[in-house]
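Side chains included, hydrogens not; waters and symmetry mates left out as well; all remaining heavy atoms used. All values reported here derive from a predicted model rather than from experimental measurement. Letters A, B, ... are given to chains in the order of the sequence lines, protein chains preceding strands, and every chain is numbered from 1.
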Protein chains: 2
Amino acid sequence: MTAPLMAVTVDLVILTVRSGELCVLLVRRGVPPFRGHLALPGGYVLPDEDLLAAAERELREETGLGDIHLEQLATYGHPGRDPRGRTVTVAHLALAPHAGAPTAGTDAAEAQWLPVAEAMAEDLAFDHDVILRDGVERARAKLEYSSLGAAFCPPEFTVGQLREVYEAVWGERLDPRNFHRKVTKTPGFLEETGATSNTEPGRPAKLYRRGPVEQLNPPITR
Amino acid sequence: MTAPLMAVTVDLVILTVRSGELCVLLVRRGVPPFRGHLALPGGYVLPDEDLLAAAERELREETGLGDIHLEQLATYGHPGRDPRGRTVTVAHLALAPHAGAPTAGTDAAEAQWLPVAEAMAEDLAFDHDVILRDGVERARAKLEYSSLGAAFCPPEFTVGQLREVYEAVWGERLDPRNFHRKVTKTPGFLEETGATSNTEPGRPAKLYRRGPVEQLNPPITR
DNA sequence: TAAATAGTGTCTCTAAGACACTATCAT
DNA sequence: ATGATAGTGTCTTAGAGACACTATTTA
């Protein structure tokens with residue numbers, strides 16, 4: 001038996017938090033199929049390129065940023081998902097701090113941040129509605145048992161900023177006092193920088209950076 | 001730009017519990033590359049076949065059983081992973097009750113259940129050592145927050161059998177009394193059949209079947 | 001001053017873990 | 001009878017959630 005050959009792509013669900021809302025980076029397609037529709041950024045995997053490397057390349061092309069959390073999400077290969085022919089896409093999930101340029105890209109058509117609620121109401125290209133839904137679900141779950149909430153924050157941040165991330169991703173209000181106690185008492189989650197932030201009214205908040213711990217135990221409950 | 005084409009396969013990490021040990025189904029390769037090495041069962045995705053359908057087909061071919069829990073695990077596509085040429089494999093995880101035939105298969109070479117500890121010490125074909133490790137890790141995590149432990153059990157089972165599954169997968173002893181209270185008090189996890197099992201010495205145990213709940217909250221802690 | 005955010009302390013309730021105790025079988 | 005497994009109750013402790021209270025800033 002000879003192996004059937006297929007096109008392999010990577011698609012990216014790049015999430016960030018902008019003014020208290022969870023947003024996803026979408027591009028408008030300038031060529032068929034699905035010309036004019038919004039789509040997740042992505043592209044073909046090169047013949048000698050690793051899957052993660054392909055995703056990193058696309059991420060750099062779209063956001064111009066490196067050092068962003070990137071992980072494989074899932075693979076979608078329904079035979080009819082691309083009218084041009086059999087295409088299997090390995091979707092990845094990226095979590096970017098708001099610092100990430102609101103748009104950028106050289107070859108990408110207009111790239112834009114869209115609140116996920118609006119993005120899910122759009123008629124996205126291919127099966128990108130399913131991929132987006134799965135990516136958001138994964139992000140929501142990850143905040144519970146990993147320290148990845150900090151991946152949405154700049155290198156130094158306050159507990160208040162981190163809480164806003166959690167509230168945006170989960171779409172729920174959290175008690176600021178219990179949240180504070182919880183994250184500061186979890187060893188290895190946050191490291192004090194010694195500095196304080198005082199841009200807001202109110203008592204200046206201590207600045208933290210990400211600690212070494214990846215898995216949170218016990219988890220932050222929703 | 002024209003799309004580079006690649007071979008796409010599915011590989012299966014099929015786990016079961018046999019006499020208190022977590023075991024994986026492996027086949028011995030009869031053809032190069034890696035002739036004579038043990039490997040995960042798998043094969044090419046057909047031109048018009050969905051990924052999950054391909055995994056289901058391979059699973060039937062290997063175990064002869066349907067109605068087994070099957071989910072996508074991750075996708076592995078390092079450029080050098082198959083010496084025959086660029087091949088991307090979508091790995092799947094299956095959890096089988098011990099009822100599953102110890103071996104079977106028509107075209108598969110000798111298929112055998114091997115304890116995962118031994119399998120991980122073997123020199124598996126391709127990158128199957130990595131895939132196996134990821135599959136076992138996923139299974140261990142899933143037992144905590146999902147009701148999938150029951151996927152290793154026959155349709156009707158006792159709390160004691162379910163506990164043996166947890167102990168085998170996690171490689172830890174659990175307190176029978178606390179475990180019993182935990183699983184029977186979680187609404188929707190187990191449903192009483194009304195019957196009892198009395199094959200063992202000791203007080204007859206109630207028989208249960210899987211309940212409708214998929215996510216366990218709170219989780220069963222390791 | 002008031003308003004706003006940061007951070008601590010305290011109470012209640014739930015659930016995990018340890019383990020004594022009872023129940024019902026095989027031998 | 002003994003030994004084994006099933007199942008319940010009870011105690012202690014950790015942590016979640018609610019929320020009163022203090023601390024430190026801007027306007």
Colleague: What's the CD-C1' distance between A:Glu192 and C:dA6, to the nearest Å?
Modeller: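 Atom-to-atom, A:Glu192 to C:dA6, this comes out as 13 Å.
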Colleague: What's the CG-P distance between A:Leu207 and C:dT5, to the nearest Å?
Modeller: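 Those two atoms, CG and P, are 17 Å apart.
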Colleague: Does the distance from a Lys or Arg side-chain N to an Asp or Glu carboxylate O, for B:Glu192 and B:Arg209, drop under 4.0 Å?
Modeller: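 Salt bridge between B:Glu192 and B:Arg209, a charged N being under 4.0 Å from a carboxylate O: no.
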Colleague: Using whole Å, report how far OH of B:Tyr145 lies from C1' of C:dA15.
Modeller: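 So the two atoms are 21 Å apart, to the nearest Å.
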Colleague: Tell me the interatomic distance from B:Asn178, atom CG, to D:dT10, atom C1', rounded to whole angstroms.
Modeller: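 Rounding to the nearest Å, CG of B:Asn178 and C1' of D:dT10 are 11 Å apart.
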Colleague: Let's see if you can work this out: which of C:dT24, D:dA6, D:dT26 has an atom nearest to the side-chain heavy atoms of A:Pro201?
Modeller: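 Out of C:dT24, D:dA6, D:dT26, the nucleotide with an atom closest to A:Pro201's side chain is D:dT26.
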Colleague: Would you kindly give the CZ-to-P distance between A:Arg181 and D:dA20, to the nearest whole Å?
Modeller: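 These atoms are roughly 15 Å apart.
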Colleague: Would you indicate which nucleotide in C:dT24, C:dA6, D:dG7 comes nearest to any side-chain atom of B:Pro204?
Modeller: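 So the side chain of B:Pro204 is nearest to C:dT24.
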Colleague: Mapping A:Gly202 and A:Thr184 onto DNA chain C by nearest heavy atom, which one lands closer to the 5' end?
Modeller: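 With A:Gly202 and A:Thr184 compared, the 5'-side residue is A:Gly202.
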Colleague: From D:dG7, D:dG17, C:dG7, pick the nucleotide closest to the side chain of A:Thr221?
Modeller: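 Side chain of A:Thr221 sits closest to D:dG17.
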Colleague: Would the base of C:dA20 count as contacting B:Arg177 through its side chain, where contact means a donor and an acceptor less than 3.5 Å apart?
Modeller: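 Answer is yes: a donor-acceptor pair is held.
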Colleague: Within this structure, what is the CG-to-P distance between B:Leu190 and D:dA6, rounded to whole angstrom?
Modeller: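 Rounded to whole Å, this separation is 14 Å.
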Colleague: Out of C:dC19, C:dT8, D:dT24, which nucleotide sits closest to the side chain of A:Arg203?
Modeller: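 Nearest to the side chain of A:Arg203 among the choices is D:dT24.
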Colleague: Taking C-beta and beyond as the side chain, do A:Val183 and A:Tyr166 meet within less than 4.5 Å on heavy atoms?
Modeller: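 A:Val183 vs A:Tyr166: side chains apart.
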Colleague: On DNA chain D, nearest-nucleotide positions of B:Lys185 versus B:Arg163: which is more 5'?
Modeller: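 Mapping each residue to its closest nucleotide by heavy atoms, the 5'-most match is B:Arg163.
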Colleague: Using 4.0 Å as the upper bound for N to carboxylate O, is an ion pair formed by A:Arg222 and A:Glu144?
Modeller: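 Yes, A:Glu144 and A:Arg222 are salt-bridged.
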Colleague: Rounded to whole Å, how long is the line connecting atom CD of B:Glu200 with atom P of D:dA4?
Modeller: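 So the CD-P distance, B:Glu200 to D:dA4, works out to 13 Å.
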Colleague: Could you pull out the closest heavy-atom pair between A:Ala54 and A:Val45, with the gap in Å?
Modeller: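 Of all heavy-atom pairs spanning A:Ala54 and A:Val45, the closest is CB-CG2, 4.1 Å.
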Colleague: Centres of the A:Tyr208 and A:Phe157 rings: under 6.0 Å?
Modeller: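 Ring centres of A:Phe157 and A:Tyr208 not closer than 6.0 Å.
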Colleague: If you check every side-chain atom of B:Val159, which of D:dG7, C:dG7, D:dC19 has the closest atom?
Modeller: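 In terms of side-chain proximity for B:Val159, the closest of D:dG7, C:dG7, D:dC19 is D:dG7.
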Colleague: Is A:His180 close enough to C:dA6 that one of its side-chain N or O atoms is under 4.0 Å from OP1 or OP2 there?
Modeller: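 No, no such contact exists.
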Colleague: Can you tell me the distance, in whole Å, between the CZ atom of A:Arg173 and the P atom of D:dA18?
Modeller: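 Rounded to whole Å, this separation is 14 Å.
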